[in-house]
Structure formats: C-alpha cells, structure tokens
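The structure appears below as structure tokens.
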There are 2 protein chains.
Amino acid sequence: MQKPGSQVMVTLRQMIGSGELTAGERLVETAIAERLGVSRMPVRTAFRELESEGLLVRAGVRGYMVRHFSYNDIVDAVEVRGVLEGLAVRQLGERGLDQGTKKQLRGCLVEGDRLLAKGHLDEGDAEAYHSMNVCFHETIVAASGNAAVATALTRNDHLPFASVKAMTINTSEMEREFRRLSYAHMQHHAIVDALEAGQAARAEALMREHAAAVIRYTDLLQSADPAPKT
Amino acid sequence: MQKPGSQVMVTLRQMIGSGELTAGERLVETAIAERLGVSRMPVRTAFRELESEGLLVRAGVRGYMVRHFSYNDIVDAVEVRGVLEGLAVRQLGERGLDQGTKKQLRGCLVEGDRLLAKGHLDEGDAEAYHSMNVCFHETIVAASGNAAVATALTRNDHLPFASVKAMTINTSEMEREFRRLSYAHMQHHAIVDALEAGQAARAEALMREHAAAVIRYTDLLQSADPAPKT
DNA sequence: CCCATCCAAATTGGATCCAATATTTTGAAT
DNA sequence: ATTCAAAATATTGGATCCAATTTGGATGGG
C-alpha cells in the first residue's frame, strides 16, 4: 500500500469490472465514499482519473456514470492497438534489433514453443502463455523507443478487453483455444523473423493482423454488449 | 466561466506553453496556489489532470514537474497521429462515404483551392487554411465512427506540436510555406479521391505520409529541444 | 387543468485543517 | 573532516466544512 489513494481506484475498477456498478448508473460521490468507508476526497480524485481513463463519463452537468461499452467499442479499441503496436514494431524493425531485445523475444518464442509442444493445453499453461504474451508485446513496445506509442497504448488499454493483458482464455474449450494460441504464436514467430530480416513493413502488417485475429477468433460476445455505443 | 475549476487548467497550460514554467521545474502545490490566488484544491486536481494529459510528470515520490519534450518526442507523437488518422481514413473508406461527409470534405478542398489559387499566401490566408485543415482532419475522424481513434487522438494531441491544431505557419517565409501547403493540399485531394474510389488502403497510406510530411518539411527546430527525452 | 415560478433539498466544487511522510539540515561522534 | 543519526521542516493526501448551483417538487395563478 505505497499509495493509499490508489486503493479506491482499484476497488472502483473491480466494482465496474464485476458489474457491481452497472453501466449507465449514476455515481454519487457521497454514496460511494460511504460505501468504501473513506471521505469524499479520494472518491472525487478517483472519479476524475477514471473519467480520463474512459471508464466513467460525465452524467450531464452533475455527476458521473459508468460508461457503456458496445461490441463496436471493443473492436475499435483493438484496431487502435493493432496500428499502435504495428507502428512500434515497424520502427523497431527500421532501427534494428539490439542484442538484449533479440534475446528477450527469442526467449518468448521458445517459451511459447515449449507450452504448445505437448499438442494440448494444461491448466497452468494458459496463465504461462498469457505471461509470455504480455512480455512479448511489452518488449516490442519498449524496444521501439517510441514513447508516444507507449502512452497511447496505456491509455487505450484502460478499456476492458482491449488490452493484451486482458486476453482471456476460455477454459471450457481448451482444444479450440489451443488452435487459437498456436496460430497466434506462429504470428509471433513470423514477426520476429521479419524483425531479424529487417522487414519492417512486413512486421507491421503481421502485427496488425495479429491484433485483429484476437477479435475475429475469440468469443467476446459472452461479455460484450451489442447495444449502440455512447 | 461554466466551469470555475477549469480556469486553473488553462492558466497552467499557458504558463507551461509560454515557458513561464520551465521544463524540469519542480511544481509545489502551495506555491502555484498562492500564485494563482486559489486554494490548493483546484491546483491538486489540475496537476493530476495535466499529468494524465502528459504535460506534467511525477517528480519522484513527491510533487510534479513540467515534462521535458525532446525533438524525438514530437516526431514520435506525429507518427502516432499518422497511424491513428490513417486507421480512421481507412475505416471510413471501407464503410464508404455518406453524402454529408462527402460534401464536407469537398467543401474543405474547394476552400483550400481558393486560398492557394492566387499563387501566394496573404496574411489572413494562413489562419483560413489552418481552420480548413482542422476541419478536414476532424471530419474524417468523426466520420470514421471509431471512438477509440478519436479518444486516442485527443490524448495524443495534448502534446504540443503533435496536434493538427498546433500546426503553425511561418509568416517570415511565406513563399516556402505556400509550397508546403500546396503539397499538403494536394495530399488532401488525393485522400478524398481515394475515399471516393473506395481505395481504403491507399487513403491510409496517403494519410500517414501526410502526417509525416508535417515533420519532414517544417522547421520545428526553433522550438524543439534536442535533449534526450525523459 | 396546465404552466410557471419559487423554495427546498441534494450534490458538487473550493477552502481550510490535520495527519503522515519524506527530505533536509544540524549536531555529534569517530 | 566526514559520516550518521535525529530532529525539524516542508509537502502532500485525507477529512470536514462552507458555498454555489442545480434539480425536483409544490403551490399559486392563468
């Protein structure tokens, strides 16, 4: 608890994510403050922060409400992530890979190969793949050296389901998930191949396709709402 | 003054933009509050908001400081704007232009043609071109219907010199500026042509080049700082 | 019966106060 | 003289109080 005020933030995030605060619901500072057992002040700052992250929107002239996410919002955000990570990987390819980055990326590849080598997914494998995946994407963005991409991605990733970190694995259909991750990991291989060959434009195209694949070949409908976006 | 608290925000923006608050300077809440004649509270909220916009960064564990912008930061941000607006124009091209958007864009084109027809730039022409340019870009982003692009652009555009709105025209070299704007306007024409022909990928490539041209063919050195970015 | 105006209640923004924490300075000891 | 520790000061986060503004209802007039 290095930052006491951030506790309110994570609690509100959870309440929004879990649906305890439903979309469109009017949020009153005093009510939330009382509910969380704190003063109105941290709630006030948290509301503004969550607004800047896009999770809350102003409810008219007074108060905030939980933002309503449509399916299109998620698709759009993933598309944005695709072009941003595509830019990052292209610039990385243009500048060339340094030894540390190359080592890191290859480490991600062998880790993924190891997880998928069995031909099926076990329980802990999903989490391990997820960690590897986050590491792969973060390494590329960091190595690109483009700070604007990093900040834009951070902002964009505040939207639920748009982030690499938010990639969920459907444990009830492990076979299908195995095929999906196998395809995704082949794309990882192709991206690293392109990077090592200095094919920056190809790496960019692959990364954009890689992001789009998440949407096209994942069941988002379970949690997404097809209502019109706000 | 519909929102009293926003006055502190605009004042701080001005102070940062004008260099009254120099980059790297440690900002103390009490000092700023006293200087602006308000309580610490609006300053506190403004600091956080400016941090989320990227103009301020945390100075260690305590306090904020004015962010230091390097030349690379600006180039990166413009590159980000390029891929985001490129995505917007591609999606617009894929969905097809509606009548209102087509009318709006053509209006921008004829306005630009009119301004450039004389073969040189007059005093008021620069402002008029600027307004037309902002309208052109905003129309495309709005018409794309991709809310994530719009928000990402808004965030990115908080960085000085990265925004379309921040495009300045060097009044001391009107002849050179005329050639630059002529080229930019030709790109506008090409983008609209591609959109009307349904050539979405071509429109995207043109838009990315259009953003990059701003950097390559503009004198930014006068205001940019070549020191390493933070 | 409907509309307008006014009053009251609620809610949010700003100010001030208090506590917690980090940083700096000073003094002492080695 | 230098370094370490302790104390004092400075700064930020949280709580509470006050003011301003809006919203809702109620009442009176047309």
Side-chain angles (χ1 to χ4, degrees), chain A residues 1-16 20-68 151 154-155 158 230, chain B residues 1-16 20-68 151 154-155 158 230:
Chain A
M1 52 181 74
Q2 52 282 52
K3 284 180 68 185
S6 61
Q7 187 56 40
V8 176
M9 283 290 292
V10 303
T11 308
L12 283 177
R13 265 185 227 280
Q14 285 176 352
M15 290 168 78
I16 294 172
E20 189 174 342
L21 298 175
T22 65
E25 182 178 354
R26 169 85 175 282
L27 298 184
V28 176
E29 288 181 1
T30 53
I32 300 293
E34 189 179 356
R35 213 156 138 186
L36 300 186
V38 294
S39 146
R40 269 181 53 218
M41 189 63 55
V43 176
R44 233 156 96 178
T45 61
F47 277 8
R48 303 216 150 142
E49 203 162 338
L50 291 170
E51 184 205 9
S52 90
E53 289 183 1
L55 266 71
L56 297 184
V57 292
R58 299 202 103 90
V61 68
R62 184 170 285 192
Y64 292 89
M65 46 190 277
V66 179
R67 175 170 166 190
H68 185 263
T151 64
T154 305
R155 301 280 158 69
H158 284 133
T230 52
Chain B
M1 51 180 69
Q2 52 282 55
K3 284 179 68 184
S6 60
Q7 187 56 39
V8 176
M9 282 289 293
V10 303
T11 307
L12 282 177
R13 265 186 227 278
Q14 285 175 353
M15 290 169 79
I16 294 172
E20 188 174 343
L21 299 175
T22 65
E25 180 178 354
R26 168 83 174 283
L27 296 184
V28 177
E29 288 181 1
T30 54
I32 300 294
E34 189 178 358
R35 212 155 139 187
L36 300 187
V38 293
S39 147
R40 270 180 52 220
M41 188 63 56
V43 177
R44 233 155 95 178
T45 61
F47 277 8
R48 303 217 151 139
E49 204 163 339
L50 290 170
E51 184 207 9
S52 90
E53 288 183 3
L55 268 70
L56 297 184
V57 292
R58 299 202 101 91
V61 68
R62 184 169 283 193
Y64 292 90
M65 47 189 278
V66 178
R67 175 168 167 191
H68 185 262
T151 64
T154 305
R155 300 281 159 68
H158 284 132
T230 50

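Proteins come first, then strands; the chains are lettered A, B, ... in the order of their sequence lines, and each starts at number 1. Note that the structure is a prediction, hence the values are computed from the model and not measured.
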- Query: Within less than 4.0 Å of OP1 or OP2 of C:dG13, is there a side-chain N or O belonging to A:Arg48?
  - Reply: yes
- Task: Determine, for A:Glu51 against A:Arg58, whether the closest basic-nitrogen to carboxylate-oxygen distance falls under 4.0 angstrom.
- Result: yes
- Note on the structure: Exactly one candidate in B:Met9, B:Met15, B:Arg13 meets side chain to side chain contact (heavy atoms under 4.5 Å, CB included) with B:Thr11; the answer is B:Met15
- Closer than 4.0 Å, any side-chain N/O of B:Ser39 to the OP1 or OP2 of C:dA15? yes
- Message: So, using side-chain hydrogen bond (donor to acceptor under 3.5 Å, both in side chains) as the criterion, who are the partners of A:Gln14 when residues are at least two apart?
- Response: none
- Note on the structure: B:Gln7 atom CD is separated from D:dA20 atom C1', nearest whole Å, by 18 Å
- Separation of C:dG14 atom P from B:Glu34 atom CD, nearest Å, is 19 Å
- Between atom CE in A:Met9 and atom C1' in D:dG13, what is the gap in whole Å? 15 Å
- Message: I need the CE-C1' distance between A:Met65 and C:dT11, as an integer number of Å.
- Response: 17 Å
- Message: Side chain of A:Glu29 only, heavy atoms from C-beta on: which candidate in C:dT12, D:dG13, C:dG14 is closest?
- Response: C:dT12
- Item | Pairwise 5' ranking along DNA chain D for B:Arg62 and A:Arg62, keeping only the more 5' one | B:Arg62
- Give the rounded distance in Å between these two atoms: CD1 of A:Ile32 and P of D:dA15. 15 Å
- Note on the structure: When rounded to whole Å, the CZ to P distance for the pair B:Arg26 and D:dT11 reads 7 Å
- For atom OH of B:Tyr64 and atom P of D:dT12, their distance in whole Å: 9 Å
- Using atom types as modelled and distance alone, determine if a side-chain donor or acceptor of B:Arg155 lies under 3.5 Å from a backbone N or O of A:Ser52. yes
- Which residue lies more 5' along DNA chain D, comparing B:Arg44 with B:Val28 via nearest heavy atoms: B:Val28
- Check the distance between D:dC17's P and A:Arg40's CZ and give it to me in whole angstrom. 12 Å
